[in-house]
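Below is one structure, written out as structure tokens; comments come after it.
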Amino acid sequence: MWSDHPIERLSVRVYTVPTDRPEADGTLAWDATTLVLVAVGSGPATGLGWTYGAPATGALLHGLLAPVVLGRDALDTAGAYEAMRRALRNAGRPGLGTYALSAVDLALWDLSARLLDIPLVRLLGGRPRPVEVYGSGGFTTYPDRVLEHRLRGWVEEQGIPRVKIKIGESWGTRPERDLERISAARAAIGPDAALYVDANGAFTAKRAIRLAAAFAADGVSWFEEPVPSDDLAGLATVRDTVSPDVTAGEYGDEPRYFARLAPSVDCLQADATRCGGLTGFLRAAAVAEAAGVPLSAHCSPHAHAHAAAALAAEVRHLEWFHDHVRVESLLFDGVLDPAGGTVAPGADGTPGHGLSLAERRAAPYLVDAWPPLRPDG
């Protein structure tokens with residue numbers, strides 16, 4: 001099991017960052033975002049990975065997954081991934097189990113690239129190139145003036161020509177309010193920027209179809225999770241009826257999930273912090289290519305940027321999600337700049353994904369931590 005690059009240490013920290021104002025989508029409300037961070041080390045190099053989820057993810061990661069990867073070859077990301085999947089069998093692989101696995105896998109890919117002293121995009125077989133982003137986070141709790149300010153910030157100040165707002169307010173029971181907000185969004189961004197909407201599964205298929213007909217004049221081109229993501233028949237019905245692209249997939253945790261979903265959508269979504277890290281994301285991309293649909297990276301843009309650049313032909317864009325951009329910019333140094341509507345991961349030559357923990361800025365948000373583990377215990 002030992003190699004020239006053994007994994008010699010692993011530590012876990014949990015950070016909770018309050019939102020800057022109350023936030024909600026069609027089916028959930030929240031006032032804080034929790035990031036579970038894992039650091040894995042070999043020699044002088046340290047790789048960072050993370051997921052977003054319940055703080056309990058950290059305990060699962062530290063107690064069950066750390067012993068599985070310590071001592072392994074740091075460059076054997078595929079071997080570590082499979083060992084972690086097997087270890088999670090009885091603990092519950094979907095949900096928190098795969099979230100924890102995702103954080104470790106992301107850290108191992110980062111560590112591998114740092115050990116080789118190359119940007120992660122190079123390790124993934126690509127080169128630094130622009131990746132399109134879309135501004136996301138027009139929450140249903142935002143007053144119209146706040147929504148309009150946020151949208152104009154993306155379009156006018158940062159030059160991002162694609163934006164998304166949340167709809168489906170109150171579990172889809174306020175369609176008149178959804179239509180008002182969509183019209184306000186279109187007025188704020190002008191006629192040329194692309195407008196996306198995300199219902200987070202708030203509607204039935206018929207309600208989603210009626211709403212899409214009502215907002216057709218506003219030029220919406222992306223309708224995310226119009227029905228719950230496990231309602232494959234409903235997704236397919238909406239996709240076959242409405243003009244915008246219908247998308248889903250953010251809760252996917254394995255290739256078979258994406259294979260079942262692909263025939264029902266125009267674009268698959270995958271989240272590397274949920275679907276098994278970059279290993280899982282690469283497999284989702286292969287499924288999307290086989291199905292003949294594009295892939296879009298859900299949330300956590302810095303977790304996906306290098307993979308998106310390496311898979312330029314398959315990945316449509318990154319979600320520049322307000323919550324995660326804010327948290328990642330607070331906790332990490334080395335974040336990307338989306339000015340002009342694209343990011344260029346690896347362009348400066350920094351090894352790995354290019355992020356480092358900003359210890360001083362992060363410290364006030366630390367809510368739990370476990371001491372570093374080593375192969376000898």
Side-chain angles (χ1 to χ4, degrees), residues 7 10-17 19 23 25 27-40 47-70 77 80-110 200-201 225 228-230 248-258 260-261 269-284 297-300 302-304 319 321 323-324 327-328 331 365-373:
I7 300 170
L10 184 151
S11 62
V12 184
R13 300 183 188 182
V14 179
Y15 297 92
T16 295
V17 179
T19 57
E23 295 178 355
D25 55 35
T27 56
L28 188 69
W30 61 96
D31 58 10
T33 300
T34 295
L35 181 146
V36 180
L37 180 72
V38 58
V40 292
L48 297 178
W50 61 94
T51 187
Y52 291 94
T57 310
L60 177 64
L61 196 163
H62 185 267
L64 186 60
L65 298 186
V68 173
V69 299
L70 285 167
T77 52
Y81 177 89
E82 186 58 32
M84 288 189 288
R85 284 186 77 252
R86 293 179 180 181
L88 286 166
R89 191 195 73 174
N90 287 350
R93 191 163 61 226
L96 293 189
T98 304
Y99 285 25
L101 182 156
S102 299
V104 180
D105 184 84
L106 285 163
L108 291 176
W109 277 100
D110 183 39
N200 288 98
E225 279 198 311
S229 56
D230 56 0
E250 65 189 70
Y251 302 108
D253 63 331
E254 62 173 1
R256 283 184 289 268
Y257 177 102
F258 295 109
R260 290 191 298 269
L261 180 60
Q269 293 174 283
D271 187 328
T273 71
R274 295 175 173 176
C275 73
L278 291 187
T279 300
F281 188 79
L282 295 172
R283 294 180 182 185
H298 172 264
C299 286
S300 191
H302 293 93
H304 298 95
E319 182 173 10
F321 181 54
D323 271 8
H324 293 177
V327 171
E328 290 165 14
L331 301 185
Y365 305 100
L366 182 68
V367 296
D368 209 346
W370 289 261
L373 288 175

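Source: prediction; values computed, not measured.
Scanning all heavy atoms of the two residues, the minimum distance from L108 to I7 falls at CD2-CD1, 3.5 Å. The shortest non-hydrogen separation linking A272 to A303 is CB-O, 4.5 Å. Contact between V69 and A80 at its shortest, heavy atoms only, is CG1-CB, 4.2 Å. Taking all atoms of both residues into account, the shortest heavy-atom contact from G276 to T98 is N-CG2, 3.7 Å. Here the closest non-hydrogen pair linking A83 and V68 is CB-CG1, 3.4 Å. G58 and V12 get closest at one heavy-atom pair: CA-CG1, 3.8 Å.
Looking at V327, T34, V367 one by one, the single match for side-chain contact (heavy atoms from CB on, under 4.5 Å) with V17 turns out to be V327. Between V36 and the options T57, T273, T16, a side-chain contact (heavy atoms from CB on, under 4.5 Å) holds for only T57.
Between N200 and E250, some side-chain heavy-atom pair lies under the 4.5 Å cut-off. A heavy-atom distance below 4.5 Å is not found between the side chains of L61 and Y99. Side-chain contact check for L60 versus L65: every heavy-atom pair is 4.5 Å or farther apart. A 4.5 Å side-chain heavy-atom check between P55 and D368 finds every atom pair outside the cut-off. Under the 4.5 Å side-chain criterion, counting only non-hydrogen atoms from C-beta, Y52 is in contact with S300. Residues L331 and W50 are not in side-chain contact: their nearest non-hydrogen atoms beyond the backbone lie 4.5 Å or more apart.
Formation of a donor-acceptor pair under 3.5 Å by the H62 side chain with backbone atoms of S11 is not found in this model. A donor-acceptor pair under 3.5 Å links the side-chain atoms of T19 to the main chain of D31, judged by distance alone.
Here the straight-line distance linking atom CG of L64 with atom CG of L96 works out to 12.0 Å at 0.5 Å rounding. Note: R256 CZ to R283 CZ = 10.5 Å, rounded to the nearest 0.5 Å. Taking CD from Q269 and CZ from R274, the interatomic distance works out to 10.0 Å, rounded to the nearest 0.5 Å. The structure places CG of D25 at 9.0 Å from CD of E225, a figure rounded to the nearest 0.5 Å. In this structure, the separation between CZ on R85 and CG on D105 is 12.0 Å, given to the nearest 0.5 Å. Note that NE2 of H324 is 12.5 Å distant from NE2 of H302, once rounded to the nearest 0.5 Å.
Enclosure of atom OH in Y257 by more than 12 non-hydrogen atoms of other residues, nucleotides or ligands within 6.0 angstrom is indicated.
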query = Given the rule in the side-chain contact (heavy atoms from CB on, under 4.5 Å) test, do F321 and T33 qualify, once you have shown the distances and angles that lead to the verdict?
reply = CA-CA 12 Å; F321 181 54; T33 300; over 6 Å; no
